[in-house]
Novice: 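Pasting in a structure now, in structure tokens, and then I'll have a few things to ask.
Both backbone and side-chain heavy atoms feed into the values below; hydrogens, waters and symmetry mates do not. In what follows, chains carry the letters A, B, and so on, assigned in the order in which the sequence lines appear, proteins first and then strands, with residues in each chain numbered from 1.
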Protein chains: 2
Amino acid sequence: MTKHRALSEEALLLVAQRFSVLAEPMRLRLIQALFDGEKNVSELVTLTEGTQANVSRHLQTLTAAHILARRKEGLQVYYKIADPTIPRLCEVVCGAIEKQLAKQAGAFTAGR
Amino acid sequence: MTKHRALSEEALLLVAQRFSVLAEPMRLRLIQALFDGEKNVSELVTLTEGTQANVSRHLQTLTAAHILARRKEGLQVYYKIADPTIPRLCEVVCGAIEKQLAKQAGAFTAGR
DNA sequence: CAAGTATATGCGTATATGCTCATATAAAGT
DNA sequence: ACTTTATATGAGCATATACGCATATACTTG
């Protein structure tokens, strides 16, 4: 078990910002699309069914947060997941949601 | 290692919502204040230096997200962390940020 | 039942942010 | 140099949400 020291106000803000970056469905779609490796913008536009402008913006947000990394190759720009903690983070959250939904589902049948 | 299946659009939304709940500094302050156990609203108002109305609202948001649990005792309402994955989540994010800052700090002194 | 205390909530405002359209930039080919 | 293709970005609009103020609700005590 790790000890919890209180976070400074500044650290708290950074944590909030990081969660905030992950709090958009389109950005999660992009992250998910990159789980199996690097892709360029056009591919991501197709996969996520978003507009080019919007995808580009979100990619920038994710890159600025150091969650993705950018590599330019000729006309294309390739993005990949740069932060190794992202998969684990998603796993933890998904697990929590699954448990929560299971509990709620159980509440319906618990009486019978 | 857990396998990654693609998340449904609905699941994606739930994940985004959950991150969104954690994306507010005041809510993180509240969570942090509750790491060492149950507290009532007045105590939380004092600890976080927020207004009573604002603290109350954020507590409601956190409770609706099943992150906190509410227990009423007389006039007071006690809140505690209900979701056991929250501490781990915070650890992972803090770790990622620390690494990121360390790397950025290193970039300044790397040349010498 | 009146008064006091702890918590919740309705409402208005300010700010942030996601989206779209149009256009700019950058690199490649002709 | 001009055109084409891939990506980024400026501007405007629409929506969400955090906050403060005032007030409502819930419970306790006299």
Side-chain angles (χ1 to χ4, degrees), chain A residues 9-10 12-34 38-82, chain B residues 9-10 12-34 38-82:
Chain A
E9 196 58 21
E10 193 192 3
L12 226 78
L13 248 150
L14 289 173
V15 174
Q17 276 175 228
R18 169 153 276 249
F19 278 127
S20 175
V21 171
L22 296 171
E24 288 301 317
M26 175 56 89
R27 288 200 280 268
L28 293 178
R29 262 195 292 270
L30 289 167
I31 288 171
Q32 195 178 222
L34 291 171
E38 200 178 48
K39 291 188 178 55
N40 66 35
V41 179
S42 300
E43 292 173 313
L44 290 169
V45 168
T46 305
L47 284 170
T48 61
E49 301 179 16
T51 66
Q52 183 269 320
N54 202 29
V55 166
S56 185
R57 260 179 224 293
H58 284 303
L59 288 171
Q60 192 188 346
T61 302
L62 287 162
T63 306
H66 302 277
I67 288 170
L68 300 187
R70 217 183 99 110
R71 181 175 68 84
K72 204 163 184 179
E73 183 178 319
L75 271 184
Q76 283 91 324
V77 177
Y78 287 84
Y79 287 90
K80 69 174 176 186
I81 296 179
Chain B
E9 197 57 21
E10 194 192 1
L12 224 79
L13 248 150
L14 290 173
V15 174
Q17 276 174 231
R18 170 154 276 247
F19 278 127
S20 174
V21 171
L22 296 171
E24 288 302 317
M26 176 55 91
R27 287 200 281 268
L28 292 178
R29 261 192 293 265
L30 289 167
I31 288 173
Q32 195 177 222
L34 291 171
E38 201 178 49
K39 292 188 176 55
N40 67 35
V41 179
S42 301
E43 292 173 313
L44 291 169
V45 168
T46 305
L47 285 170
T48 62
E49 301 179 17
T51 65
Q52 183 270 320
N54 203 28
V55 166
S56 186
R57 261 178 224 293
H58 285 303
L59 288 171
Q60 191 189 344
T61 302
L62 287 163
T63 306
H66 301 277
I67 289 171
L68 300 186
R70 216 184 99 110
R71 182 176 67 85
K72 204 162 184 179
E73 183 177 320
L75 270 185
Q76 284 90 320
V77 177
Y78 286 85
Y79 288 89
K80 68 174 175 185
I81 295 179

Novice: I need the B/L13 CG to A/E24 CD distance, nearest 0.5 Å.
Specialist: 9.5 Å
Novice: Could you tell me how far apart B/R70 (CZ) and D/dT25 (C1') are, to the nearest whole angstrom?
Specialist: 11 Å
Novice: Figure out the CD/C1' separation between A/E24 and C/dA16, and round it to whole Å.
Specialist: 11 Å
Novice: Looking at B/S42, does any N or O in its side chain come under 4.0 Å of the phosphate oxygens OP1/OP2 on C/dA6?
Specialist: no
Novice: What is the separation between atom NZ on A/K39 and atom P on D/dA6, rounded to the nearest whole Å?
Specialist: 18 Å
Novice: When you measure from the side chain of A/R27 to the backbone of A/V21, do you find a donor-acceptor pair of N or O atoms at a distance under 3.5 Å?
Specialist: yes
Novice: Under 4.0 Å between a side-chain N or O of B/R27 and OP1 or OP2 of D/dA18?
Specialist: yes
Novice: Just verifying a value: how many Å separate B/H58 NE2 and B/L28 CG, rounded to the nearest 0.5 Å?
Specialist: 10.5 Å
Novice: In whole Å, I'd like the distance from the OH atom of A/Y78 to the C1' atom of D/dT7.
Specialist: 13 Å
Novice: Let me know, please, whether A/A53 or A/G74 comes out on the 5' side of the other along DNA chain C by nearest nucleotide.
Specialist: A/A53
Novice: Rounding to an integer number of Å, can you tell me how far A/L75 CG sits from C/dG29 P?
Specialist: 8 Å
Novice: Strictly below 4.0 Å: does A/S56 bring a side-chain N or O up to OP1 or OP2 of D/dT9?
Specialist: no
Novice: When B/L30 is tested against each of B/I67, B/L59, B/I81 for side chain to side chain contact (heavy atoms under 4.5 Å, CB included), which residue passes?
Specialist: B/L59
Novice: If you compare every side-chain N and O of A/Y79 against the phosphate oxygens of D/dA6 (OP1, OP2), does one of them come in below 4.0 Å?
Specialist: no
Novice: If you compare every side-chain N and O of A/Q52 against the phosphate oxygens of D/dA6 (OP1, OP2), does one of them come in below 4.0 Å?
Specialist: no
Novice: Can you measure B/M26 atom CE to C/dT15 atom P for me and round it to whole angstrom units?
Specialist: 18 Å
Novice: Rounded to the nearest Å, what distance is computed from the CZ atom of residue A/R71 to the P atom of nucleotide D/dA6?
Specialist: 16 Å
Novice: Atom CZ of A/R29 to atom C1' of C/dC19: distance rounded to whole Å?
Specialist: 13 Å
Novice: Would you say a side-chain N or O of A/Q60 is under 4.0 Å from OP1 or OP2 of D/dT9?
Specialist: yes
Novice: Is there a donor-acceptor contact under 3.5 Å from the side chain of A/S56 to the main chain of A/Q52?
Specialist: no
Novice: Can you figure out which of D/dA6, D/dG20, C/dC21 approaches the side chain of A/Q76 most closely?
Specialist: D/dA6
Novice: D/dA18 phosphate, OP1 or OP2: any side-chain N/O from B/N54 under 4.0 angstrom?
Specialist: no
Novice: Using a cut-off of less than 4.0 Å, is there contact between a side-chain N or O of B/R57 and OP1 or OP2 of C/dG10?
Specialist: no
Novice: Determine: side-chain N/O of B/H58 to OP1/OP2 of D/dT17, distance under 4.0 Å, yes or no.
Specialist: no
